[in-house]
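Sequence lines set the chain letters: A, B, ... in the order given, protein chains first and strands last, and positions in each chain run from 1. Worth knowing before you read on, the calculation uses all heavy atoms, side chains too, and leaves out hydrogens, waters and symmetry mates.
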Amino acid sequence: MYSPAAAAARSHHARREFVTAVAERQPTVRDVLAGRGELADDVVAVDTGSGAIIDLHSPAPEGAALSPIRLGSEAALAVIRHSAAHVMADAVQRLFPGTQVTIGPAIDNGFYYDFDRPDGAFTDRDLLKIEKEMKKIISSKKPFFREELTAEAVRALFEGMGEHYKCQIIDSILERGEAISVYRHGSPGRPEGTWADVCAGPHVPHTGFIGAVKLTHVAGAYWRGDEKNPMLSRIYGTAFPSQAELDEHLERLEQAKLRDHRKLGRELELFMFHDYAPAMPIFLPRGASIYRRLVDYIRELYVDYGYDEVITPQIFDPRLFATSGHLENYRENMYLPVTADDLDEALARARELMAQGAPPDEALTLPTLAQKPMNCPSHCLIFGQRKRSYRELPWRMADFGRLHRYERGGVVHGLARVRTFCQDDAHIFCTPEQMEQELSSFNSLLFEVYHAFRFEDVSVKLALRPEKRVGSDDMWDRAEAALEHVLKQSGVPFEVLPGEGAFYGPKLEFHVKDAIGRSWQLGTIQVDYALPERFDLQYVGPDGQSHRPVMLHRAILGSIERFFSVYIEHVAGKFPVWLAPKQAIVVSISEKQYDYALDVQRRLGARGLRVELDAGSDKLGAKIRNARNLRYPYIAVVGDDEMQAGTLSVRSRDDGELGAIPVEAFANKLLAESVAPRLGYENRTGS
RNA sequence: GCCAGCUUAGCUCAGUGGUAGAGCAGCGGUUUCGUAAACCGCAGGUCUGGGGUUCAAAUCCCCAAGCUGGCUCCA
């Protein structure tokens, strides 16, 4: 149990140790900065030059560079937010006694802290109260200070406060043999006067540096991220040096909301969902138009990059997925459909067996089929159809087949996480010697595609073997080494993600940053020695012997559905002419120009352009407004003047008024913009 | 699946125990207008579904579904 009196006693004891330490102290960072005349009001902490960031009151390490971190820098923001997390935990414990603290880091756009509250989760009203309490602590400008305590002292301190999660954290720090530091800040109203947390730091000099704070939402989170552990209550918030910066941040969130693909999908009539098909999008004509163009664009590139497209079934005998390992490793994500005949038969047999006394779970054995969650197994069937020669390799087998994966209810999200989708999927069967060339050719293709969609900021991650996997350790060693080698050779910087590979092989993930700075994983390429072995795939080499091909699983857009969601948000619904479902709308001023407007629409349509007509009785202003809301790339206004001159008064969505343009000239302009952007052929390294 | 919240007309949202509302969209009419919203009228709802409490439920309680934000998982 939490005991304020005991905690206060511990705290005072610890405080005495701290004071003693201060008395014998060496010069602090603050002393050093002051000596150099660099101690400005906006200095939050210092960078030691060796990667560590430490507080002003820390003892100054000998010979360290100590460059000040000032308000306005990214590093300062993280320090402020981490300090805000402490203040929040302090406020929570003042308001909700008996609540235990766990961890509370700074994250990308703010911070969070996970609590174990006996009375259950926090409500939105609680958040307001907590925020108010935090503001009190902040305005009192209480200093943060650091103590290095002995392990026993720290353990006793938190044990005494009834902080069982903290004790677990302390124990794991001790196991790693690291030093333990405790951070405190003054907390008016708390009996012991200060609030303490096991923390590596650093923190702001005093709570006043947390200029503006807002608690945003509550969420559940498993202790240590493991779903077998108890669920904690997480409170998310964000903090900034000033209210103005917080307001700006909130404004950015509003902007992001405006480009939310679920909202735009509804408004632009791109796709819909229905309760009868949860998490399975239904594409409306406009959305289907874009979807098809995305796929067609990739198909065009496949011609130049030497891919062959195949078409494969949706449903297979489960033996296919037993062979591939999916039934063992991917079962929880698979739909296992059953025919009505099989079901009736199985039920009849089960009734009979149960009448003879069999328990229900033994009586019912249901023959099922398997809906494919991936294309790779069927591609292995294709490869194995007949004897293959080395002359056929590399064989790049593309498939836009629809996949179904059962996703748990809580994870689905608009188009970004759905239960049916298709990928720009392909499997490259090649010799081990060809693998590097294939990886690098894929790299060129991928960058060409991202360039076309104006994703200019791409980062690469190397995901290594997961716990649940097929294939020998030797295979994994080779596959991981191959990917790493290609990355190092190409000089592309990359991050390593241990344990995050697919069950059949390690993978490269390609992440892009969108127009408002958010990062998304799109493409991937995965090296796989396991499936060729499981399917016993072979080719005859120049030596007349059988050899095992390597299989590369790869996608550039990833799932078309997810890509669509990212792209909608990237361009805020303003699709370029080559993708837009309707490239222009002809708008008449009055019904006098109806015939001319209709003729213009037909002439443009005859040139292969996708053109809408608004000849309704709205006023021009209303028509323009509607057309702009639907994000037509061009609005072509026709009135008496244009009708006389045979022109259109064109307004570009992206470039504003273009003035009067002859119909044919406008058609040519649109046609020129209707072509998907391509790199020159010489830039491609594919065969 | 877990934690929390939400679900009222096609869309955005009012309505907190006592006769279901608004704006936009739709439909009809009038207007034919020069670059972001003309005017008048009409229609539109088993208040997500089911159960319960109550004289009375959109409103309170329970169950389910879907969705939203997280966690875990992931293209």
Side-chain angles (χ1 to χ4, degrees), chain A residues 107 112 114 117 120-124 126-127 216-236 257 260 262-263 266-267 269 272-279 330 332-333 373-374 403 405-425 463 466 468 500 502 507 509-510 520-524 526 553-566 587-594 615-630 635-642 649-651 656-657 659:
Chain A
I107 52 173
Y112 68 79
D114 286 348
R117 184 186 173 199
F122 297 96
T123 63
D124 286 349
D126 293 337
L127 289 198
T216 51
H217 52 283
V218 286
Y222 300 107
W223 167 235
R224 296 197 154 157
D226 188 330
E227 60 183 315
K228 291 180 205 75
N229 285 342
M231 172 80 54
L232 305 171
S233 295
R234 173 172 299 180
I235 302 179
Y236 283 92
K257 238 176 168 174
D260 189 310
R262 292 164 302 185
K263 175 181 148 71
R266 201 168 32 238
E267 287 175 2
E269 297 197 330
M272 58 173 269
F273 287 91
H274 194 278
D275 279 5
Y276 289 176
Y330 207 72
E332 64 263 35
N333 285 301
M374 295 185 192
L403 305 177
R405 297 184 187 173
Y406 173 69
E407 298 286 357
R408 300 201 284 181
V411 308
V412 296
H413 176 90
L415 288 185
R417 188 78 180 272
V418 292
R419 293 191 174 124
T420 176
F421 58 98
C422 94
Q423 297 174 301
D424 58 335
D425 195 15
K468 209 174 176 183
E500 299 205 1
K507 60 183 179 185
E509 295 177 359
F510 296 86
W520 308 92
Q521 190 204 319
L522 298 180
T524 175
Q526 308 167 1
H553 306 240
R554 38 110 301 164
I556 300 165
L557 304 182
S559 97
I560 309 296
E561 280 74 3
R562 177 177 291 180
F563 178 80
F564 200 174
S565 77
V566 171
V587 167
S588 61
I589 287 173
S590 77
E591 64 188 20
K592 279 182 288 179
Q593 303 92 28
Y594 175 72
S617 64
D618 279 337
K619 291 177 73 168
L620 181 60
K623 291 183 183 180
I624 296 281
R625 182 185 141 88
N626 291 337
R628 284 190 57 86
N629 283 339
L630 289 172
I635 302 171
V637 176
V638 296
D640 285 340
D641 299 348
E642 290 78 10
S649 182
V650 178
R651 178 204 264 239
E657 291 287 349

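- In this structure, A/H413 atom NE2 and B/G66 atom C1' are separated by 15 Å, rounded to whole Å.
- Residue-to-nucleotide contacts include no donor-acceptor pair under 3.5 Å from the side chain of A/S588 to the base of B/U32.
- With a 6.0 Å radius and a threshold of 12 heavy atoms from other residues, nucleotides or ligands, A/E269 has its CD atom at or below the threshold.
- Atom pair A/D260:CG and B/U68:C1' shows a separation of 10 Å (rounding to whole Å applied).
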Restricting both atoms to N or O, compile the protein contacts to nucleotides 71-73 of chain B shorter than 3.5 Å, with distance only.
unit_1: B/C71; atom_1: O4'; unit_2: A/G220; atom_2: O; d: 3.1
unit_1: B/C71; atom_1: O2'; unit_2: A/Y222; atom_2: N; d: 3.1
unit_1: B/U72; atom_1: O2'; unit_2: A/E227; atom_2: OE2; d: 2.9
unit_1: B/U72; atom_1: O2; unit_2: A/R408; atom_2: NH2; d: 2.9
unit_1: B/C73; atom_1: O2; unit_2: A/R417; atom_2: NH1; d: 3.1
unit_1: B/C73; atom_1: O2; unit_2: A/R417; atom_2: NH2; d: 2.3
unit_1: B/C73; atom_1: N3; unit_2: A/R417; atom_2: NH1; d: 2.9

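- Figure legend. B/G18 is base-paired to B/C55; pairs are counted as Watson-Crick or G-U wobble with both atom distances under 3.5 Å.
- In this structure B/C24 sits in a base pair with B/G10, meeting the Watson-Crick or G-U test at under 3.5 Å.
- Taking atom CG on A/D126 and atom P on B/C3, their separation rounds to 18 Å, with Å as the unit.
- Remark: C1' of B/U32 and NZ of A/K619 are 10 Å apart, rounded to the nearest angstrom.
- Nearest to the side chain of A/R266, among B/G1, B/U30, B/C11, sits B/C11.
- Between the P atom of B/U68 and the CZ atom of A/F273 lies a distance of 8 Å, rounded to the nearest Å.
- Atoms CE (A/M272) and P (B/C11) sit 10 Å apart, rounded to a whole Å.
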Enumerate the protein-to-nucleotides 43-48 of chain B contacts in which both atoms are nitrogen or oxygen and the separation is below 3.5 Å.
none

